[in-house]
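Only heavy atoms go into these numbers, but all of them, side chains included; no hydrogens, no water, no symmetry mates. Chain letters run A, B, ... following the sequence lines, proteins first and then strands; every chain starts at 1.
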There are 2 protein chains.
Amino acid sequence: MSFIATPLSMHFEEPLPLQGGASIHHYDLAYETYGELNADGSNAVLVCHALNASHHVAGVYADQPKSEGWWDNMIGPGKAVDTNRFFVIGINNLGSCFGSTGPMHQNPDTGRVYGADFPVVTVEDWVDAQARLLDRLGIARLAAVLGGSLGGMQALCWSLRYPERVAHAVVVASAPNLNAENIAFNEVARRAIVTDPDFHGGNFYDHGVVPRRGLRIARMIGHITYLSDDVMNQKFGRQLRGGLDLKYSTQDIEFEIESYLRYQGDKFSDYFDANTYLLITRALDYFDPARAHAGNLTQALAASQAKYLLVSFTTDWRFAPARSREIVKSLLENRRRVSYAEIDAPHGHDAFLLDDPRYLGVMRSYFDSIAKDIA
Amino acid sequence: MSFIATPLSMHFEEPLPLQGGASIHHYDLAYETYGELNADGSNAVLVCHALNASHHVAGVYADQPKSEGWWDNMIGPGKAVDTNRFFVIGINNLGSCFGSTGPMHQNPDTGRVYGADFPVVTVEDWVDAQARLLDRLGIARLAAVLGGSLGGMQALCWSLRYPERVAHAVVVASAPNLNAENIAFNEVARRAIVTDPDFHGGNFYDHGVVPRRGLRIARMIGHITYLSDDVMNQKFGRQLRGGLDLKYSTQDIEFEIESYLRYQGDKFSDYFDANTYLLITRALDYFDPARAHAGNLTQALAASQAKYLLVSFTTDWRFAPARSREIVKSLLENRRRVSYAEIDAPHGHDAFLLDDPRYLGVMRSYFDSIAKDIA
């Protein structure tokens, strides 16, 4: 069993200006910390989360033995990111639905639930909010900022937006921006949610309903893109749910893969907020540091001062290795120090959350070297 | 402009037994023919359609100059499949929504619209129905049966179910069965339709509505899988719809790819039947000639007597070249005569409908040789 983690929350009164022009004030950020900040505050590691994760990165909650954090295999005492050496911080992003202020909370300006009025937030906005929390925790500079997928985009963004505050950026299974296909999948998922009659223009809270149909479809699409073709064939193939006989039905479950997807969709619709899904997929769509440089990623990365580790997985077709290599190439063109590992793993995008010994080995060895730099 | 095509229809009284155990009687098949059947009936080519196509394969309808058939670039006077030499037949499949009997028609047993009661039909059932139409047309044996994608599955099925009636089977951008990922995409599309409140359990005709939301989502998912990643990036990339400024909205169209998908979804929901979508995707899921042979495709293809042309496209990730190669390998293990072309085309699955000169050249040369055999 893992160590006991304790969820914390920090309140912020002062307005946070957002990229979209709006600002947000009187908000809370949920976070957790593991390990001890050392005397000179030099051992802090910030972990940024992806679409449906949270500040609960590692450990379990008291009396909930199965509540392991989403990166518990990576982070903890004696693990690749060793909390005996590092002070690790997980933060739930603004607009999410796990404790930080989001669409289901009260808008202090109107006294009503935000719903559809919650402002669009970007990766840059999240990084700014995270920076304020670090200020409050007295952390001037991070030993490392670390994230996978959308979390990797935040790590990359940190190194550009606060270059003097980041010693190392660890960007796993990520990309310098979404390509057209990625945006397309996000858009289908959003349309499924928005056109669900129970969405009520984003104000479904007032109607006592949840747009479950849309959330289910969104999650099913997501799951297809998280897995590799190969792993899906190995895990499910054409296996029938009900034995050898076909049911000859268009609506009954016939194949195991259908059962798996429906189950994942149902589960997701029980706990995830529909407005949060829209906001987070949009933040993914918008992230594009090269945009302000006419698409030139090398120019965009010139602001960085950090050292980098990039990791990708061969069967990840959502954020393919080629996308990580674009970042590596642009960093090298800026003469930054970059390590890059392309892990030959069968699990697709999901690999960044799984126990691949080569992957965990690369991470352990990189964080070992960071720890030695600090000591 | 192309030649004038005329839609025809044939009525069948006698029951057609279906794989699922039910049967269908008093049904119509919509079809078209191009060219002239020769004296000994040896120049007939049957074209099988894929998901959303029909019997209108080539030519245009009188006074509708833009109504070209879906394979008009391939089939017609002087084209790769030359209607000056071949008698080409296109048939709309049972359960489709373009003229043949389908869920929106009256069930002769109840006097009510079939709706959800339309029986599940399989590729085998379609081939049986097509065979009966050929009987009526006095065609004992086909010079060739030809199809792409799901149409290719029908062509393959023809060569196994009626081996003595098929001289050549031309199987383009197809597969010996769907893999788990293919089934997964079909299932998400079906769930989007079935859970649309306007679906009414398949009896939406009685309510004067159409489950448009579900059909839109289904079509958007389809379009993503028809295109290659590369062609999507070239065609749309991250291009914004509204010029240089971001709107910072989760629901407004921001990227060109979103606009394209929404347009395709809207268009599709105007003309395609929701029950047909369920039936046809299910026929795709079920097709698996190796199933009756414990998964051994070579044994399954032992029944064939035809000569084969298989064509695949390098960027087709829906029906990847590896799937066509499985068929080629199993045919060769049965010592059948097989030609195989793997076309290096950028367009993904859609390539089988497009004007690639190498692809059209392969088809022309293969059909030239068939024509010479006949003459």
Can you name the residues that form a salt bridge (charged side-chain N to carboxylate O under 4.0 Å, His left out) with B:Lys329, not counting sequence neighbours? B:Glu333
Please determine whether a side-chain nitrogen of the Lys or Arg among B:Asp270 and B:Lys267 lies less than 4.0 Å from a carboxylate oxygen of the Asp or Glu. no
Please look at B:Gln19 and chain A and tell me whether the side chain, the backbone, both or neither of the residue comes under 4.5 angstrom of a heavy atom of that chain. both
Using the salt bridge (charged side-chain N to carboxylate O under 4.0 Å, His left out) rule, take A:Arg191 and B:Glu258 through it: C-alpha gap first, then chi angles, then the decisive distance, then the call. CA-CA 10 Å; A:Arg191 295 315 291 167; B:Glu258 299 175 314; over 6 Å; no
May I ask you to list the residues in residues 287-296 of chain A that approach chain B closer than 4.5 angstrom, counting heavy atoms only, ordered by number? A:Phe287, A:Asp288, A:Arg291
Applying a strict 4.5 Å limit to non-hydrogen atoms, the region of B:Arg190 in contact with chain A is side chain
Nearest heavy-atom neighbours spanning A:Asp273 and A:Phe204: OD1-CZ, 3.6 Å
What I'd like to find out is whether the side chain of A:Leu51 reaches to under 4.5 Å of the side chain of A:Tyr277, using heavy atoms alone. yes
With no hydrogens and no angle check, just 3.5 Å: does a side-chain donor-acceptor pair link A:Thr225 and A:Arg318? yes
Please give me the minimum heavy-atom distance between B:Val123 and B:Cys157, naming the atom from each residue. CG1-CB, 3.7 Å
Can you tell me which portion of B:Asn182 sits under 4.5 Å from chain A's heavy atoms? Options are side chain, backbone, both or neither. neither
Have A:Asn107 and A:Asp117 got a donor and an acceptor in their side chains that come within less than 3.5 Å? no
Which residues share a salt bridge (charged side-chain N to carboxylate O under 4.0 Å, His left out) with A:Lys235, sequence neighbours left out: none
Is it true that, when you exclude A:Arg161 itself, more than 12 heavy atoms of the residues, nucleotides or ligands shown sit nearer than 6.0 Å to its CZ? yes
Proximal component of A:Asp198, with respect to chain B [non-hydrogen, under 4.5 Å]: neither
Contact leader toward chain B among A:Leu246, A:Asp196, A:Val194, A:Leu279, where contacts are heavy-atom pairs under 4.5 Å: A:Leu246
Please classify the contact between B:Val188 and chain A as side chain, backbone, both or neither, with a heavy-atom cut-off of under 4.5 Å. both
Between chain A and each of B:Phe185, B:Phe236, B:Tyr286, count heavy-atom pairs under 4.5 Å; write down the option with the most. B:Tyr286
Part of A:Tyr260 within contact of chain B (heavy atom distance under 4.5 Å): neither
Heavy-atom proximity to chain A below 4.5 Å, by part of B:Leu18: neither
Answer with side chain, backbone, both or neither: which region of A:Asn186 has an atom nearer than 4.5 Å to a non-hydrogen atom of chain B? neither
Is there side-chain contact between A:Arg238 and A:Ile257, with heavy atoms separated by less than 4.5 Å? no
Mind listing the closest non-hydrogen atom pair of A:Ser149 and A:Phe319 along with its distance? OG-CE1, 3.2 Å
Residues of residues 207-218 of chain A near chain B, each having a heavy atom less than 4.5 Å away: A:Arg213, A:Ile217
Given that the side chain runs from C-beta out, which part of B:Leu278 has a heavy atom under 4.5 Å from chain A: side chain, backbone, both or neither? both
Answer whether the closest heavy-atom distance between the side chains of B:Phe255 and A:Leu178 falls below 4.5 Å. no
Winner by heavy-atom pair count (cut-off under 4.5 Å) against chain B, out of A:Asn179, A:Ile193, A:Val121: A:Asn179
So, the part of B:Glu256 with a heavy atom under 4.5 Å from chain A: the answer is neither
Side chain to side chain donor-acceptor pair (under 3.5 Å) between A:Asn275 and A:Tyr114, worked out: CA-CA 10 Å; A:Asn275 283 309; A:Tyr114 274 110; over 6 Å; no
B:Leu240, part contacting chain A, at a heavy-atom distance under 4.5 Å: side chain
Check each atom of B:Thr281 against the heavy atoms of chain A and say whether the ones under 4.5 Å are side chain, backbone, both or neither. neither
